[in-house]
Structures are given as structure tokens and as C-alpha cells.
Amino acid sequence: MNILKHLIYPPIFMNDDKLRKHFANKWIVITGASSGIGEALTLRLIGVQANLYLIARNEEKLMALCHKAKNNGCKADYCAIDLRQRNQLATLCSRLREQLPSVSYLFCNAGKSINRTILDSIDRMHDFDRTMDLNYRSAVALSLALIPALKRAKGKIVYTSSVSSLYPTFPGWSAYHSSKCAANIWFKTARKEFNKLLVKVQIAYMPLVHTPMSDKNKRYRNLPAYSADEGACILLRLAMSNRFSYKPWWAFGV
Ligand SMILES: NC(=O)c1ccc[n+]([C@@H]2O[C@H](COP(=O)([O-])OP(=O)(O)OC[C@H]3O[C@@H](n4cnc5c(N)ncnc54)[C@H](OP(=O)(O)O)[C@@H]3O)[C@@H](O)[C@H]2O)c1
């Protein structure tokens, strides 16, 4: 199992000095900061004195992370919000515009997956609305709100997508994959349009990562996968590079 894990998920190393050089004292906005990949990303950035604005629903978790950040010499703030609620999201966008005049990185990482066939969703239109509102719409809204601040800092937007959105369609994943594919197209287009603003856009086509989200699915729980910290390192390495996207090596060509 270990050999298989190393082959499919080669270890990801991270040099803290390099991280510090890139991220220390810069303002970084992270959605989905309360758990899994986003929480691991937050902890890595706290370790190198980045300034953080954290977004998710779990207020207790965000508050604790902000406390830890401030104790470590970072500036930090948070907003506990359900990103699917359009009014709350609009208020957050206005607040961010006022509060953060310059943002170096926006990590659009909050997400939810749903595994349910279309035929089992006949009375569940809300599944499609919720995945679209979170995985696509909120990422677009926050990117639009932060364009001026990102432009000022010559900043970057990093979207956490899924490698599965690059593969042929698979029964049960219509809601999740549709929302991730919509975001893929939006961010690929934004990449071209924002070039002239000197704002870079990047997509991480993430493979399986053990997090509370993926581990809910019994089939994934015992499969080899990256850890949440390795997932965070994938995002950080991408953000430090000039590449447009990250894909695991075995997904090249798709
Ligand atoms: N894990 C994998 O195998 C995998 C693979 C490919 C892509 N991804 C992507 O990676 C990203 C992070 O997922 P994860 O695996 O780290 O899952 P996770 O541990 O469940 O974290 C998801 C994050 O999104 C936040 N979130 C969920 N619903 C929200 C809502 N309605 N409003 C605001 N925030 C919300 C959660 O915070 P609250 O619950 O506090 O709101 C949490 O911080 C997602 O975009 C996911 O699609 C994951």
C-alpha cells in the first residue's frame, strides 16, 4: 500500500524559508479555512507570518485559527458565513472591498461534493443549486469583489478544482462535477482576461485528499491519498510558481 501511495501520490515537500519569502506580511484570503485542505493551508501560512482573512461557516474554528495567527505575529480576521446565501455573500464582498485594499492571494477553496445519481435527485433540485452556489457562484463573486485589491498587489487567484472534473463523466457526480467544470471554465477565461491587470489565475486539479469531506465516502476512506497538509502544499507550490495549473502526473494528457 505504501509503494502504491508513493507512486500515485509522490510526497510533497515544502521549504518554510521559501514559503516565508513569498507569503510573509501579505494579505491572503482563504475560503473553506475551517477544515481539511483550507485549514491545513491556513496553518502553514500562520507558520510564516502571512496576514489572513478566513472564510467558512464554523465560527468557533475560524476564531481559534485567528487567535493562533495573531499569537504568531500575523494580522488576521474572519467572516463566518454560508457562502450559498446570496445576501450574506454580497455583504461580505462589500466588506472585503472596504477592509482589504490590497490582496496578494485569494484561495477559492470552499467546496462541497455530492454523490447522488440524477434519478435519485428528482425531488432534490436544491442539491444542484447548493453545489453551484458554493463551488461556482461564491468563487466568482469573491473574485469579482477582490479584482481591484488583487490588481493593486499584482495578486493571484487559486481555485481548488478536482482532477475528476477532467475525466469522462461518471454516474452519481453530476452536481459536483457540473459545478467544478463551470468554475474551471470561468477561471480559465478569467486567466486570459485578467492578464492585462497583472492578476494571475491558477487552478489546482486536486486528486484524492483525506479530509472530512472525502472521508465521508466509505469507498475513499481506505484508499491511498494525500493528507490535508499535502493538499495545502500543492496549493502553495502552485501559488509560488508561474504554472497555470497543477495536475497529478498521471492526469497529464487529459
Ligand atoms: N478532499 C478531496 O479528495 C478533494 C479532491 C478534489 C477537490 N477537493 C476540493 O478541495 C476543496 C476543500 O475540500 P476539503 O476536502 O478540504 O473538504 P472539507 O474538509 O469538508 O472542507 C471544506 C471547507 O469548505 C467550507 N464550506 C463548506 N460549505 C460551505 C458553505 N456553505 N459556506 C462556507 N463555507 C463552506 C467548510 O467550512 P464550514 O463547514 O465551516 O462551512 C470547509 O472549511 C473543495 O473545493 C473540494 O471540492 C477535495
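The first residue in the sequence is number 1, and the count goes up from there. Whatever order the structure lists them in is the order used to number ligands and atoms, beginning at 1.
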Look at ligand 1 and say whether Ile81 reaches it with a heavy atom at a distance under 4.0 Å. yes
If the contact criterion is a heavy-atom separation under 4.0 Å, does Ser161 count as touching ligand 1? yes
In ligand 1, which numbered atoms sit nearer than 4.0 Å to a non-hydrogen atom of Pro207? 3 (O), 5 (C), 6 (C)
Near Gly36 (heavy-atom distance under 4.0 Å), the atoms of ligand 1 are 16 (O), 19 (O)
Please list, in number order, the atoms of ligand 1 under 4.0 Å from a heavy atom of Ser34. 36 (C), 37 (O), 38 (P), 40 (O), 42 (C), 43 (O)
Closest to atom 9 (C) of ligand 1 among Thr42, Thr131, Leu134, Thr160 (heavy-atom distance): Thr160
Look at ligand 1 and say whether Glu39 reaches it with a heavy atom at a distance under 4.0 Å. no
Kindly assign one of parallel, tilted or perpendicular to the pair Tyr9 and Trp250, based on the angle between their ring planes and the thresholds 30° and 60°. perpendicular
Under 4.0 Å from one or more heavy atoms of Arg84, ligand 1 contributes atoms 31 (N)
Which of the atoms in ligand 1, numbered in the order shown and given with their element, are less than 4.0 Å from a heavy-atom of Ala33? 43 (O)
Which protein non-hydrogen atom lies closest to atom 31 (N) of ligand 1, naming both residue and atom, and how far is it? Asp82 OD1, 2.8 Å
Would you be so kind as to tabulate the donor-acceptor pairs closer than 3.5 Å made by side chains of residues 54-68, with sequence neighbours excluded?
from, atom 1, to, atom 2, distance (Å)
Asn58, OD1, Glu60, N, 3.3
Asn58, OD1, Lys61, N, 3.1
Glu59, OE2, Tyr78, OH, 2.7
Lys61, NZ, Ser34, O, 3.3
Lys61, NZ, Glu39, OE1, 3.2
Lys61, NZ, Glu39, OE2, 3.2

Please identify which atoms of ligand 1 are closer than 4.0 Å to at least one heavy atom of Ser214. 1 (N), 3 (O)
Any ion pair linking Glu230 and Lys5 (charged N to carboxylate O, less than 4.0 Å)? yes
What side-chain donor-acceptor pairs closer than 3.5 Å can you find for residues 117-125, not counting sequence neighbours?
from, atom 1, to, atom 2, distance (Å)
Thr117, OG1, Asp120, N, 3.1
Thr117, OG1, Asp120, OD2, 3.2
Ser121, OG, Thr117, O, 2.6
Arg124, NE, Asp127, OD2, 2.9
Arg124, NH2, Asp127, OD1, 3.1

Relative to the ring of Tyr105, is the ring of Phe23 parallel (under 30°), tilted (30 to 60°) or perpendicular (over 60°)? tilted
Spell out, as yes or no, whether a donor-acceptor pair under 3.5 Å connects the side chain of Lys75 to the backbone of Asn51. no
Path from Phe128 to Leu134 over hydrophobic side-chain contacts below 4.5 Å: no
For ligand 1, which atoms have a heavy atom of Leu208 less than 4.0 angstrom away? 3 (O)
How far is atom 48 (C) of ligand 1 from its nearest protein heavy atom, and which residue and atom name does that atom have? Met213 CE, 3.7 Å
Does the residue Tyr176 have a heavy-atom contact with ligand 1, meaning some pair of atoms that are separated by less than 4.0 Å? yes
The atoms of ligand 1 lying under 4.0 Å from a heavy atom of Pro212, numbered in the order shown, are 19 (O)
Test item: Arg137 and Met132 side chains (from C-beta on) under 4.5 Å apart, heavy atoms: no
Within-4.5 Å side-chain heavy-atom neighbours: Ser143 and Trp186: yes
Of Lys112, Arg86, Arg84, the residue whose pairing with Asp133 passes salt bridge (Lys or Arg N to Asp or Glu O under 4.0 Å): Arg86
